[in-house]
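These notes are about the structure you will find just below.
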Amino acid sequence: MTSNDMDYLTIALPKGKLFEHSVSMLTKIGYTAEGLSENSRKLVIANEAEKIRFIITKTADLPTYVEYGAADIGIIGKDVLLEGNKDVYELLDLKFGFCRMMVAVPQALKQEKLSDYAHMRVATKYPRVAESFFHSVGIQMEIIKLNGSIELAPMVGLAEIIVDIVETGRTLKENNLVEIAQIHPATARFIANRVSFKMKFDRINKMVEGLKPLIESESKA
Ligand code: PRP
């Protein structure tokens with residue numbers, strides 16, 4: 001960590017579904033910067049007066065930035081955290097971005113039991129989570145890692161099954177897929193780099209204390 005890094009608090013935000021709500025929560029507790037937008041071409045946006053720096057990352061990469069201390073703190077989905085298995089502190093459940101990790105198949109391929117799918121191909125953005133789920137239920141599968149639009153894979157014969165997140169259920173429905181097993185629920189989490197949490201404890205703790213009542217009030221709303 002350079003002395004310049006010590007002066008700033010660097011906050012990583014993920015592009016995509018969690019971005020807007022993350023910015024809104026942080027703004028409500030006084031952390032923002034001019035031009036902080038998901039569509040910004042600038043990937044580092046600073047608030048010089050407050051000595052805050054925002055970085056905008058691809059979702060799956062965010063825990064890596066925090067693990068290595070390139071960002072002190074960040075907001076990311078529990079699904080991504082579980083898949084990435086990075087060495088970071090998970091400080092708060094922010095209780096937004098509700099979704100669940102599940103297993104789904106095309107309606108026409110639905111079998112009676114999970115074990116009827118043994119040795120079939122599973123398309124997923126979450127190979128670690130999928131592997132560990134099927135291992136836990138004693139079924140061996142062939143895992144195919146994809147980077148998005150997972151629902152496409154069974155429609156074109158790349159895989160028979162998918163492991164993915166579902167939020168509203170709309171994507172499953174529109175592609176004639178049905179959920180056959182739940183893996184775990186997920187929400188957005190506030191995470192910190194282990195060294196930053198010690199070195200910048202006062203600043204990070206102030207954010208945590210600011211976020212707590214906001215999480216409470218938002219989850220009651
Ligand atoms: C996620 C997920 C599903 C969809 C679920 O994809 O992978 O495809 O959202 O949401 P729903 O239940 O509300 O329809 P995302 O939009 O993040 O993009 P991706 O397919 O490129 O990963």
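Counting starts at 1 for both ligands and their atoms, following the listed order. Both backbone and side-chain heavy atoms feed into the values below; hydrogens, waters and symmetry mates do not.
Leu13 CG to Leu43 CG: the interatomic distance, rounded to the nearest 0.5 Å, is 12.0 Å.
When each of Leu26, Val23, Asn47, Leu211 is tested with Tyr31 by the rule side chain to side chain contact (heavy atoms under 4.5 Å, CB included), just one qualifies, namely Leu26.
Sorted by chain and number, the residues within 4.0 Å of ligand 1 by heavy atom are Lys17, Lys125, Gly148, Ser149, Glu151, Asp164, Ile165, Val166, Glu167, Thr168, Gly169, Arg170, Thr171.
When all heavy atoms of Lys51 and Arg203 are compared, the pair lying nearest together is O-NH2, 3.1 Å.
Alongside Leu81, the hydrophobic cluster contains Leu62, Val66, Ile76, Val80, Val88, Ile191 (criterion: ILVMFWY side chains under 4.5 Å). Through direct or indirect side-chain contacts shorter than 4.5 Å among Ile, Leu, Val, Met, Phe, Trp and Tyr, Val44 is connected to Ile55, Tyr65.
Legend: salt bridge (charged side-chain N to carboxylate O under 4.0 Å, His left out) pairs involving residues 132-148, not counting sequence neighbours: none detected.
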